[in-house]
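Reading through the structure tokens given below for one structure.
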Amino acid sequence: MDQDILKNLVSDSLRESSDSYTIQGLFECFPTTKELIGASEQQLLSIKGIGKGKARQITAMLKLAKILTCPEPCQSVIRSPQDGVCKIICVNS
């Protein structure tokens, strides 16, 4: 998933500006998609501006994004380089 798309997705779901200190802090702590998808609520709580509610929102949104973008292992068919990247993210997270 492209980093800018992910940043917009997170900022829109939290109703924050993509350049807010919360969003900037989130992407400074978790600079890659893989790191952000693997972040726990406890890790998210360490970021200024993220409380329990936002941490739960972020983890739920990322789980949904992962489910929607990454097919189940038994159904995965790689037809393009992007499919291969998704497969790698799904397997390694």
Side-chain angles (χ1 to χ4, degrees):
M1 186 177 291
D2 181 62
Q3 194 72 3
D4 290 331
I5 293 171
L6 186 58
K7 186 180 262 189
N8 287 332
L9 178 66
V10 173
S11 62
D12 287 348
S13 68
L14 296 178
R15 296 184 181 160
E16 296 260 350
S17 168
S18 61
D19 60 351
S20 71
Y21 67 87
T22 303
I23 300 300
Q24 294 301 322
L26 180 65
F27 284 88
E28 285 174 15
C29 289
F30 305 101
T32 66
T33 302
K34 182 179 174 183
E35 289 174 323
L36 185 57
I37 287 175
S40 69
E41 281 186 35
Q42 290 301 318
Q43 290 172 310
L44 294 172
L45 288 170
S46 68
I47 299 169
K48 183 179 178 183
I50 296 181
K52 233 179 193 176
K54 282 187 181 180
R56 285 185 180 165
Q57 253 185 303
I58 293 167
T59 53
M61 184 260 317
L62 292 171
K63 284 179 187 177
L64 179 60
K66 183 178 174 183
I67 290 168
L68 293 175
T69 59
C70 297
E72 291 297 316
C74 61
Q75 299 174 355
S76 63
V77 175
I78 298 177
R79 294 187 181 114
S80 70
Q82 187 176 1
D83 293 345
V85 170
C86 184
K87 173 97 171 138
I88 291 168
I89 291 171
C90 290
V91 170
N92 293 325
S93 56

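Remark: Asn8 engages Ser11, Ser18 in a side chain to side chain contact (heavy atoms under 4.5 Å, CB included) (not counting sequence neighbours).
Closest approach of Ala39 to Thr59, counting heavy atoms only: O-CG2, 3.9 Å.
Leu26 CG to Leu36 CG: the interatomic distance, rounded to the nearest 0.5 Å, is 5.0 Å. In this structure, NZ on Lys63 lies 13.0 Å from CD1 on Ile58, to the nearest 0.5 angstrom. Between the CD atom of Gln57 and the CD atom of Glu41 there is a distance of 11.0 Å, given to the nearest 0.5 Å. Here the straight-line distance linking atom CZ of Phe30 with atom CD1 of Ile37 works out to 12.0 Å at 0.5 Å rounding.
Residues Leu62 and Leu9 have side chains not in contact (no heavy-atom distance under 4.5 Å, counting atoms from C-beta outward).
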Residues 46-55 side chain polar contacts: donor-acceptor under 3.5 Å, at least two apart:
unit_1, atom_1, unit_2, atom_2, d
Ser46, OG, Gln43, O, 2.6
Lys54, NZ, Glu16, OE2, 2.3

